Visitor: 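Please find one structure pasted underneath; my questions will follow.
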Amino acid sequence: THTHTHTSTMMLGVRAALVVAACVAAASAESYMPNSKPNIIFILADDLGYNEVGYQNETRGLHTPALDSLAKDAVRLKQYYVQPICSPTRSALMTGRYTVRLGTQSSVIYWDTPWGISLNETFMPEKLKELGYNTAMYGKWHLGMYKKEYMPYKRGFDDHQGYLQGCGSAYTHVAACCSAGSPNNDTNFVCKGGKVDYRGYDWFHNGDADLSANHTNSATLIRDAAVKFIHNTRDPFFLYLPFQNVHGPHTCDLKYYNMYANRTDLTSEEITLFGYITEMDYAVADVIAALKETKAYDNSVIIFSSDNGAPPDGNADHEHGENPGYIARNYPFRGWKTQIWEGGTRVAGFVHSPLLPAAAQNKDSTELFHVTDWWPTVVALAGGSDMFDKQNAGHNPLDGHNIWPSLAHGAPSPRTEMLYNINPLCHGGQAAAPKAALRVGKYKLMSYCYAIAGVDGATTTGPVKAPKDTKGVDPEFMKGPVLYDLEADPTESTNVAEQNPNIVQQILARMETFAENSVLPMQWTPPYQGPDYACAKCPLHPGGKGPGVPWGPWL
């Protein structure tokens, strides 16, 4: 149903709060920023659950000394959100904009799809280069590569080493999503091809396949490239480290596996997963050591995040004891990767820096933050405009905010609302149902789907109920939109929509505004993003040339 309650008391209050927060932040942000341009190190884990770092839950016995040490003196983010799957989060990070404005609200970019994040978007490293930064990226891209113009070295990174697709074998770097061959000895393992063989060699250095990386663990390659960059690069620099850990296939070096091999309280799958997590931690330790050896650490801001919640990986998720949580990997939250429940979108994150005031270090922040906030925050740290007016010549309006005043000085977050997603593909797409959610203040409104007129056969714009007797769906969604009070109910167990009909309508009105200003979602088949898409008639990647043949741009 269409809803038009745009001028309610609650929403006027929310808008007033946004204006006040923006004005206060704009007036004071400059005084909050460091005097010199700091180095920015952004560490992005893959598929790491909220409950999968030692500092988050010491009872699990996870060995993550480097991340724990960083977190100890950091601002630890307790209400920090990302998107529920890979490409959506990475696109929001690189642009500072919601996925509904980019086309990544429904799916990741598939292996053979001729599509990438629009070249009209200004990626974070592009802006930082304008501000005098040296930039490098080592690890996973997953933002498009069908033409060379969409590859990392063409989108602001002076140096890139890593893989372009969503997943692959950790040692042989064959692009494929598969199970590992061995939990601790995958040096020569090659994923098997499926009915359609998308496999291809996927480790590149600035546009060229780097065959010398074959048989070397991706965590080792990322670590070594990062350490070399730190030793050989002048300040200021931006170093982006999107690790493969802990995306499947789950495997790790034997020494990390052996750290947990005698744990009788773990399944064999958990032993491997824990080793895989520790492997990343040890790589991070060497990167931090290089920062300190070169004195770059003294003028650095280190940001840590996962790209989404953990997926439900069978025996790596099994319940232990009387209070294991809804799903152990994302405890205490409900849901997992691909879902906009808290378990799929609220992740572990922190900001560590000697530039933070002493009073800000070793603190938990419960302020509301989103992955889009890193773009304006990092750009402001680098001496650029934080874009609180949401406008800047030559750049698209941002959805993110400069949150450094909140991190460094305890100011309230300028963010009072947060869009989880609006995915209008009710009958398809990778992002699972519920497909739409918006948080305003403490309230989170979710809808099974959200139709947009003209998309996926819809003739009207508004929330869509779950069809009756739909298997595996919370029956509350068969009634209509579902409302949760996240302050009282962070595990999303009690629908309070019936008790708060006005709030439901008010948030729906705001959601409609986002929907009406969204772009068509990217899809995996022609015309990919509607008939007006510039590459609507472009061919899929031909594929099928074998796992050892590099799979790079094809158009």
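Nothing here was measured: the structure is a model prediction, and the numbers come from that model.
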Visitor: Using a 4.5 Å cut-off on heavy atoms from C-beta on, say whether the side chain of Ile303 contacts that of Ile41.
Guide: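 No. Closest side-chain heavy atoms not under 4.5 Å.
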
Visitor: Tell me, with the steps shown, if Cys86 and Asn308 meet side chain to side chain contact (heavy atoms under 4.5 Å, CB included).
Guide: CA-CA 7 Å; Cys86 301; Asn308 44 249; 4.1 Å; yes

Visitor: With a 3.5 Å distance limit and no angle check, can you tell me whether Gln361 reaches the backbone of Ala74 through a side-chain donor-acceptor pair?
Guide: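 Between the backbone of Ala74 and the side chain of Gln361 there is no qualifying donor-acceptor contact (under 3.5 Å).
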
Visitor: Side chains of Ser305 and Tyr80: any donor to acceptor distance under 3.5 Å?
Guide: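 There is such a pair between these side chains.
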
Visitor: After noting the C-alpha distance and the side-chain angles of Glu342 and Lys444, does the key distance pass the salt bridge (Lys or Arg N to Asp or Glu O under 4.0 Å) rule?
Guide: CA-CA 10 Å; Glu342 296 295 283; Lys444 176 181 182 180; 2.9 Å; yes

Visitor: Quick one: do Glu417 and Arg510 make a salt bridge, cutoff under 4.0 Å?
Guide: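 Yes, charged N to carboxylate O under 4.0 Å.
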
Visitor: Are His370 and Gln83 close enough that some pair of their side-chain heavy atoms sits under 4.5 Å apart?
Guide: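 In short, these two side chains touch, coming nearer than 4.5 Å.
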
Visitor: Treating His250 as the side-chain partner and Ala180 as the backbone partner, does any N or O pair qualify as donor plus acceptor under 3.5 Å?
Guide: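 A pair under 3.5 Å: no.
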
Visitor: Ring pair (Phe, Tyr, Trp, His ring centres under 6.0 Å) between Tyr133 and Phe238: does it pass, once the steps are laid out?
Guide: CA-CA 7 Å; Tyr133 273 66; Phe238 172 56; 7.9 Å; no

Visitor: Quick check on the 6.0 Å ring-centre criterion: do Tyr81 and Phe369 meet it?
Guide: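 Between Tyr81 and Phe369, the centre distance exceeds or equals 6.0 Å.
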
Visitor: Is there a side chain to side chain contact (heavy atoms under 4.5 Å, CB included) between Leu438 and Met418? Walk through the geometry before answering.
Guide: CA-CA 6 Å; Leu438 175 66; Met418 192 273 294; 6.0 Å; no

Visitor: After noting the C-alpha distance and the side-chain angles of Asp68 and Thr64, does the key distance pass the side-chain hydrogen bond (donor to acceptor under 3.5 Å, both in side chains) rule?
Guide: CA-CA 6 Å; Asp68 294 350; Thr64 53; 3.0 Å; yes

Visitor: Is the closest side-chain heavy-atom distance between Val100 and Val519 below 4.5 Å?
Guide: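 They are not in contact (no side-chain heavy atoms under 4.5 Å apart), so the answer is no.
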
Visitor: Check whether any side-chain heavy atom of Tyr98 lies under 4.5 Å from a side-chain heavy atom of Thr372, and answer yes or no.
Guide: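 When only atoms from C-beta onward are counted, Thr372 and Tyr98 do touch, with a gap below 4.5 Å.
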
Visitor: Do Ser447 and Lys435 have side chains that approach each other closer than 4.5 Å (heavy atoms only, starting at C-beta)?
Guide: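 They are not in contact (no side-chain heavy atoms under 4.5 Å apart), so the answer is no.
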
Visitor: Can a side-chain donor-acceptor contact be found between Arg415 and Gln79 if the only test is distance below 3.5 angstrom?
Guide: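 Their side chains do not contain a donor-acceptor pair, so the 3.5 Å distance test is not met.
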
Visitor: Test the Arg234-Phe237 pair against the cation-pi criterion, namely NZ or CZ under 6.0 angstrom from the six-membered ring centroid and within 45° of the ring axis.
Guide: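 Not flagged: Arg234 not positioned over aromatic ring of Phe237.
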
Visitor: Hey, would you say the Phe304 and Phe350 ring centroids sit under 6.0 Å apart?
Guide: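 Distance test on ring centres: under 6.0 Å, yes.
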
Visitor: Answer yes or no: is there an ion pair linking Asp399 with Arg97, defined by an N-O contact shorter than 4.0 Å?
Guide: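 Judged by the 4.0 Å cut-off on N to carboxylate O distance, Asp399 and Arg97 do not form a salt bridge.
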
Visitor: With heavy-atom distances below 4.5 Å as the criterion, would you say the side chains of Tyr450 and Asn421 are in contact?
Guide: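 Tyr450 vs Asn421: side chains apart.
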
Visitor: Is it the case that the side chain of Asn217 and the backbone of Ala219 share a donor-acceptor pair, with hydrogens and angles ignored and the cut-off at 3.5 Å?
Guide: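 Looks like yes, one N/O pair under 3.5 Å.
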
Visitor: Could you check whether Lys140 makes a cation-pi contact with Tyr163, meaning its NZ or CZ is under 6.0 Å from the centre of the six-membered ring and within 45° of the ring axis?
Guide: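 No; the conditions do not both hold, so Lys140 does not lie above the ring face of Tyr163.
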
Visitor: Please report whether the ring centroid of Tyr171 lies less than 6.0 Å from that of Trp203.
Guide: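 That pair fails the under 6.0 Å test.
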
Visitor: For Thr278 and Phe274, indicate whether the former's side chain and the latter's backbone hold a donor-acceptor pair under 3.5 Å.
Guide: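 Yes; at least one donor-acceptor contact below 3.5 Å.
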
Visitor: Give the C-alpha distance, both sets of side-chain angles, the deciding distance and a yes or no for side-chain hydrogen bond (donor to acceptor under 3.5 Å, both in side chains) between Asn423 and Ser106.
Guide: CA-CA 5 Å; Asn423 174 9; Ser106 295; 2.5 Å; yes

Visitor: Are Gln165 and His173 close enough that a side-chain donor and a side-chain acceptor fall under 3.5 Å?
Guide: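 No pair is found: no donor N or O on one side chain lies under 3.5 Å from an acceptor on the other.
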
Visitor: Is there a donor-acceptor contact under 3.5 Å from the side chain of Thr99 to the main chain of Pro88?
Guide: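 Not at all, since once roles are kept as given, no pair shorter than 3.5 Å links the two residues.
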
Visitor: I would like to know whether Ile302 and Leu291 meet side chain to side chain contact (heavy atoms under 4.5 Å, CB included); could you show each step before the answer?
Guide: CA-CA 11 Å; Ile302 301 164; Leu291 290 172; 4.1 Å; yes

Visitor: Would you give the length of the straight line joining atom CG of Leu44 to atom CG of Asp307, rounded to the nearest 0.5 angstrom?
Guide: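 So the CG of Leu44 and the CG of Asp307 are separated by 5.0 Å.
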
Visitor: Using distance alone, with no hydrogens and no angle criterion, decide if Thr104 and Ser91 have a side-chain donor and acceptor under 3.5 Å apart.
Guide: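 Their side chains do contain a donor-acceptor pair, which is all the 3.5 Å distance test asks for.
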
Visitor: Any side-chain to backbone donor/acceptor pair from Arg76 onto Ala71? Under 3.5 Å, distance only.
Guide: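 Such a contact is found between Arg76 side chain and Ala71 backbone.
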
Visitor: Side-chain contact, heavy-atom cut-off 4.5 Å: Lys337 with Ile85?
Guide: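 Heavy-atom side-chain distance check passes, below 4.5 Å.
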
Visitor: Spell out, as yes or no, whether a donor-acceptor pair under 3.5 Å connects the side chain of Trp524 to the backbone of Ser107.
Guide: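 Answer holds: no.
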
Visitor: Under 3.5 Å, is there a donor-acceptor pair linking the side chains of Asn299 and Ser36?
Guide: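 The answer is yes; a qualifying pair exists.
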
Visitor: If we count only N and O atoms by modelled type, under 3.5 Å, do the side chains of Asn120 and Asn396 hold a donor and an acceptor together?
Guide: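 No, Asn396 and Asn120 have no side-chain donor paired with an acceptor closer than 3.5 Å.
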
Visitor: Answer with yes or no after comparing the ring centroid distance for Tyr331 and Tyr50 against a 6.0 Å cut-off, counting only values under it.
Guide: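 Between Tyr50 and Tyr331, which both carry aromatic rings, the centre distance is not below 6.0 Å.
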
Visitor: Could you tell me if Ser69 and Tyr55 have a donor-acceptor pair between their side chains, going purely by distance under 3.5 Å?
Guide: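 No, no side-chain donor-acceptor contact under 3.5 Å.
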
Visitor: Using the benzene-type ring in the case of Trp, are the ring centres of His352 and Tyr297 under 6.0 Å apart?
Guide: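 Under 6.0 Å, so yes.
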
Visitor: Do any N or O atoms from the side chain of Asp489 and from the backbone of Leu486 form a donor-acceptor pair under 3.5 angstrom?
Guide: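 No: the side chain of Asp489 does not pair with the backbone of Leu486.
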
Visitor: Considering residues, nucleotides and ligands other than Lys78, do more than 12 of their heavy atoms fall under 6.0 Å from its NZ?
Guide: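 Yes, NZ of Lys78 has more than 12 neighbouring heavy atoms, counting only those of other groups under 6.0 Å.
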
Visitor: Taking atom types as modelled and ignoring hydrogens, do the side chains of Glu52 and Asn57 form a donor-acceptor contact shorter than 3.5 angstrom?
Guide: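 Result is no, nothing qualifies.
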
Visitor: Can you name the closest pair of heavy atoms from His160 and Gly139 and give their distance?
Guide: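 That would be NE2-O, 3.7 Å.
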
Visitor: Is Lys127 salt-bridged to Glu130, cutoff N-O under 4.0 Å?
Guide: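 Result for this pair is yes, salt bridge flagged.
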
Visitor: Do the ring planes of Phe42 and Tyr240 sit parallel (below 30°), tilted (30 to 60°) or perpendicular (above 60°)?
Guide: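 Aromatic pair Phe42/Tyr240 classed perpendicular.
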
Visitor: Classify the ring geometry between His63 and Tyr282 as parallel (under 30°), tilted (30 to 60°) or perpendicular (over 60°).
Guide: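 Geometry flag for Tyr282 against His63: tilted rings.
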
Visitor: Side-chain contact, heavy-atom cut-off 4.5 Å: Leu48 with Val347?
Guide: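 Sidechains of Val347 and Leu48: no contact.
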
Visitor: Quick one: does Gln339's side chain have a donor or acceptor within less than 3.5 Å of a partner on Ala431's backbone?
Guide: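 Not at all, since once roles are kept as given, no pair shorter than 3.5 Å links the two residues.
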
Visitor: Less than 4.0 Å between a side-chain N and a carboxylate O, is that true for Glu121 and Arg101?
Guide: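 No, this pair does not count.
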
Visitor: We want to know whether Tyr153 and Gln161 form a side-chain donor-acceptor pair, criterion being a heavy-atom distance below 3.5 angstrom.
Guide: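 Judged by distance alone, the side chains do not pair up.
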
Visitor: Do Arg346 and Asn330 have a side chain donor and acceptor closer than 3.5 Å?
Guide: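 No pair is found: no donor N or O on one side chain lies under 3.5 Å from an acceptor on the other.
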
Visitor: Is it the case that Asp46 and Gln244 place a side-chain donor and acceptor less than 3.5 Å from each other?
Guide: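 Side-chain D/A pair, Asp46 to Gln244: absent.
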
Visitor: Grab the two heavy atoms, one from Asp235 and one from Ala296, that are nearest each other, plus how far apart they are.
Guide: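 Minimum heavy-atom separation between Asp235 and Ala296: OD1-CB, 4.3 Å.
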
Visitor: Output yes when a side-chain donor or acceptor of Asp158 lies under 3.5 Å from a complementary backbone atom of Ala136, and no otherwise.
Guide: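 No, the answer is negative, given that no donor and acceptor are paired below the 3.5 Å cut-off.
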
